[in-house]
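Below, chain A is the first sequence line, B the second, and so on; all start at residue 1.
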Amino acid sequence: MAGETMKDALQTILRQAIDCVAEEFYQKIPQDIGIPLSVPPSDDLGDYSSNVAMLLAKLFRTSPMRLAEAIIRNVKGEAGPIAWLEVKPPGFINIFLSSNWWRQRIIDVLSMGGDYGIAQTREPQKVQIEFVSANPVGPLNVVSARAAALGDSLANLLSAVGHEVQREYLINDAGNQVTLFGESVLSRYFALIGHDYPFPENGYLGDYITDVAEWVFNEHGAEFEAIEDEGVRRRFVDISLGRMIENQRQTLLDYGVVFDVWFSERALRAKGGPDDVKAILKERGSLFREDGALWFEATKFGDKRDRVLVKRDGEATYLLGDLAYHRDKYQRGFDLIIDILGPDHQGQVAGILGGIEALGLERRKTRVMISGHVRLLRDGKTLAMSKRAGDFISMNDLLQDVGKDAARFFFLLRTASAHLDFDLDLAKKQTPENPVYYVQYAHARVRSIFRKAAELGMDPGDLIEADLSLLSDDEAHIAKRLCRFPEMIERAASKHEPHLVCYYLMELAGDFHRYYNKTKVLTNDPEVTSARLALSEAVRRVIEAGLKIIGVSAPDAM
RNA sequence: GCGCCUGUAGCUCAGUUUGGAUAGAGCAACGGACUUCUAAUCCGUAGGUCGUGCGUUCGAGUCGCACCAGGCGCGCCA
């Protein structure tokens, strides 16, 4: 069923039935009606359920119950997976799939290998996701860690449903903060080579500045002594900056995140990006001068106030650079541009989107997501952090402390925009309170069963050949969950909500843990054992696939 | 003041996009299960004015309006 989920199939079947009923009632139904399908609250209400009769009753001038009855009379599903249908007041159509059909789906999982849940969408899009994009003047912090988990998982999800995804990191390598960073490092560096150099006002105080200075000194010695020379100074700053960027890249790599493009803002400026934006906006009549500054008439494009693009001193503002950047993205031909911004950037969203529109670009191609605040808790208390003073928990510290798997999983446990309390003690605990281990343990348990089987000299044979009809209804219930994996992936991808993956995995792991405690997989009956091993292996593969999407490892043993 | 986010069990949160059936999970509490493929697990008990009010609807945690509470953002900073 590559590319088509169970839901799609059922919708088609219902649609056909409704068309038949429409003829019966001499009614035309609009083409664009959707057929809502949901999973009912309990198993005795069916495997899927639709309220479509309640929605169409008025149109058909009949009661929801009568319409629902008429629809199920017209369902032709003899050969299909539908076992029977029921109508329940006030007009639900409940669909029961045959238990045997569910069991057979285990084969799908096993035969599709790592591709289970990976479907081709109807319209593959070229998508760009830009995230993290932290200033290269310091180590990444925990907010970046959250954005990284979010962006990378979302990218994985969108790829999984067939989009072509590019991960991009914008390097803010132009501007004041870079100068300030350079001066800060320079001061430490000069101390190392035995000279005085004033530490800049509002300079960066963190230890990492000294680390960078030491690194430069170790690599290049006193080579930058002649700092008065503009060329020497520029090289010093570039080298220091490069070191910092490399540091960030390494941290992200440790986190399992690899960017396809590292986009330099400086290069964009050199290409004249900001000038082009000014020219276009001027031509379109969206600029004006006031108080010696150049303004963009953002209020005409949905912003609540106008925005400065070029300051009185001739310097470009952040917004101008960002508009140039977005224009560049549009020129690169993406169908969808996703920006994941930190919570402190929410104030500029209206300006960016307004500017995009003012440039004559399709505003709706850009989707801005705000990744929420992160508050770290230790011993039940909030950790205060100050970046300028260099007193904060970096992303590196976090990875050292709780590890990549716990960090990524915890960040995805909340919806993207909500504030998040990250309990460092909990994330470290190797106890059932910690959901990461719960899921990983289920995976390791399956591996363990197979190890045991081998130890006992059992030959499970080719699992695809297993006689799945030997499985019980309890086991079919797990197969149902497996079938919903592709639906969940599609939903998570289209809604841009990677956290759904975590919740699905916790439920599937729960199913398996319960099963494991209740049922022995390895038995004296080779046929039953094979069938149970097939189910277990299918569970393992789905857990592995789900964990892969959120960038968490699937251990063989714990 | 304006904008964004949040308010669901003692705690941390799903569920709100597209209204639907007895509102879910984990933790904490209490009581149980290890001669067993890993007890990092499982079984059971208990726990709720879905912030408040009004409205729309056959039906509202979900939609609309108003209000209350908390967080954040509102620069010719990035």
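- The CG atom of L320(A) sits 13 Å away from the P atom of C77(B) (whole-angstrom rounding).
- Going from the C1' atom of A39(B) to that of G32(B) covers 13 Å, rounded to whole Å.
- Distance from the side chain of K520(A) is smallest to C37(B) among C37(B), C72(B), G15(B).
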Which pairs, protein N/O on one side and nucleotides 19-21 of chain B N/O on the other, fall under 3.5 Å?
from: G20(B); atom 1: N7; to: N51(A); atom 2: ND2; distance (Å): 3.0
from: A21(B); atom 1: N6; to: S49(A); atom 2: OG; distance (Å): 2.4
from: A21(B); atom 1: N6; to: N94(A); atom 2: OD1; distance (Å): 3.0
from: A21(B); atom 1: N1; to: N94(A); atom 2: OD1; distance (Å): 3.1
from: A21(B); atom 1: N1; to: N94(A); atom 2: ND2; distance (Å): 3.2

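- Between D405(A) atom CG and A40(B) atom C1' the separation is 14 Å, expressed in whole Å.
- Using the Watson-Crick or G-U wobble rule with both distances under 3.5 Å, G73(B) pairs with C2(B).
- Between A29(B) and G19(B), the distance separating the two P atoms is 41 Å to the nearest Å.
- The shortest distance between side-chain heavy atoms of I171(A) and L241(A) does not fall below 4.5 Å.
- Look at G61(B): it lacks any Watson-Crick or wobble partner with both distances under 3.5 angstrom.
- Close to U17(B), at under 4.0 Å from its OP1 or OP2, lies no side-chain N or O of R491(A).
- With C37(B), A78(B), U41(B) as the choices, the nucleotide that has an atom nearest any side-chain atom of Y438(A) turns out to be U41(B).
- Classified by interplanar angle (parallel below 30°, tilted 30° to 60°, perpendicular above 60°), the ring pair F422(A)/F411(A) is tilted.
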| task | Please lay out, stage by stage, how E527(A) and S530(A) fare under the test side-chain hydrogen bond (donor to acceptor under 3.5 Å, both in side chains). | result | CA-CA 5 Å; E527(A) 296 290 311; S530(A) 281; over 6 Å; no

| task | Please lay out, stage by stage, how Y438(A) and H513(A) fare under the test ring-ring contact (aromatic ring centres under 6.0 Å, His included). | result | CA-CA 9 Å; Y438(A) 187 79; H513(A) 286 311; 4.7 Å; yes

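- Of the listed nucleotides (C72(B), C37(B), U17(B)), C37(B) has the atom at the smallest distance from the side chain of V521(A).
- The nearest whole Å value for the distance from the CG atom in L341(A) to the P atom in A78(B) is 15 Å.
- Contact check, R312(A) against G75(B): no side-chain N or O comes under 4.0 Å of OP1 or OP2.
- Looking at Q348(A), its side chain comes within 3.5 Å of the base of A78(B) through a donor and an acceptor atom.
- In this structure, Y204(A) places its OH atom 8 Å from C1' of A78(B), rounding to the nearest Å.
- In this structure, F296(A) and F301(A) have parallel ring planes: the angle between them is below the 30° cut-off, well short of the 60° mark.
- Following rounding to the nearest Å, I449(A) (CD1) and A39(B) (P) show an atom-to-atom distance of 10 Å.
- An OP1 or OP2 oxygen of U36(B) is reached within less than 4.0 angstrom by no side-chain nitrogen or oxygen of Y516(A).
- Nucleotides G24(B) and U52(B) are separated by 24 Å at their C1' atoms, to the nearest Å.
- Within the 4.0 angstrom heavy-atom criterion, no nucleotide atom of any strand lies near A57(A).
- Where E507(A) and E265(A) meet RNA chain B, the nucleotide closest to each residue was compared, and E507(A) sits on the side nearer the 5' end.
- A14(B) sits 11 Å from A23(B) when the C1' atoms are compared, rounded to a whole Å.
- V501(A) places none of its side-chain heavy atoms less than 4.5 Å from the side chain of S153(A).
- When both pairing distances are held under 3.5 Å, U22(B) makes no Watson-Crick or G-U pair with any nucleotide shown.
- Using a 4.0 Å heavy-atom distance criterion, Y318(A) is classed as a base contact.
- Between F288(A) and W295(A), the ring planes lie parallel to each other; the angle is under 30°, not in the 30° to 60° tilted range.
- Contacts of R305(A) with the nucleic acid, taken as non-hydrogen atoms under 4.0 Å apart, involve only primed sugar atoms and P, OP1 or OP2.
- Across the P atoms, G47(B) and C65(B) are found 37 Å apart, a figure rounded to whole Å.
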| said: What does the B/S/- profile of nucleotides 6-12 of chain B look like, 5' to 3', with a 4.0 Å heavy-atom cutoff to protein? | reply: S-----S

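- The nucleotide G7(B) finds its pairing partner in C68(B), both defining distances of the Watson-Crick or G-U wobble pair being shorter than 3.5 Å.
- Of the two residues near RNA chain B, D44(A) and V308(A), the one whose nearest nucleotide lies more 5' is D44(A).
- Across all strands, E290(A) comes closer than 4.0 Å to base atoms (heavy-atom distances).
- Taking the six-membered ring where the residue is Trp, Y504(A) and F485(A) present tilted rings, their angle falling between 30° and 60°.
- Straight-line distance from the CG atom of L535(A) to the C1' atom of C37(B): 14 Å, rounded to whole Å.
- For U36(B), the OP1/OP2 oxygens have no side-chain nitrogen or oxygen of K452(A) closer than 4.0 Å.
- In this structure, the side chains of L482(A) and R541(A) stay at 4.5 Å or more apart for every pair of heavy atoms.
- Taking atom CG of L412(A) as the reference point, atom P of A14(B) lies 12 Å away to the nearest angstrom.
- For R66(A), the CZ atom counts as loosely surrounded, since its 6.0 Å shell holds 12 or fewer non-hydrogen atoms of other residues, nucleotides or ligands.
- Here the P atom of nucleotide C37(B) and the CG atom of L533(A) are 14 Å apart, to the nearest Å.
- Residue-level contact check: Q346(A) touches the bases, meaning some heavy atom is under 4.0 Å from a base atom.
- Across all strands shown, G32(B) is found opposite C42(B) as a Watson-Crick or G-U wobble partner, with both distances under 3.5 Å.
- Put simply, the side chain of N247(A) reaches to within 4.5 Å of the side chain of M244(A), judged on heavy atoms.
- A gap of 30 Å separates the P atoms of C13(B) and G75(B), to the nearest Å.
- Pairing for A14(B) is absent, with no Watson-Crick or G-U wobble pair whose two atom distances lie under 3.5 Å.
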| said: side-chain hydrogen bond (donor to acceptor under 3.5 Å, both in side chains) for D339(A) and H326(A)? Distances and angles first, verdict last. | reply: CA-CA 10 Å; D339(A) 297 350; H326(A) 277 84; 2.5 Å; yes

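- Using C1' as the reference atom, G64(B) and U16(B) are 14 Å apart when rounded to the nearest Å.
- Using a 4.0 Å heavy-atom criterion, one finds that T179(A) contacts no nucleic acid atom at all.
- Between F512(A) and Y516(A), the two ring planes are tilted [angle within 30° to 60°].
- At the heavy-atom level, D313(A) lies nowhere under 4.0 Å from the strands shown.
- With centres under 5.5 Å and a plane angle under 30° as the test, the ring of H513(A) is not stacked against the base of A39(B).
- Across the C1' atoms, C67(B) and U18(B) are found 28 Å apart, a figure rounded to whole Å.
- As judged by a 4.0 angstrom heavy-atom cut-off over every strand, A442(A) is placed among residues making no nucleic acid contact.
- Partner of E507(A) under the salt bridge (Lys or Arg N to Asp or Glu O under 4.0 Å) criterion, out of K480(A), R484(A), R481(A): R481(A) alone.
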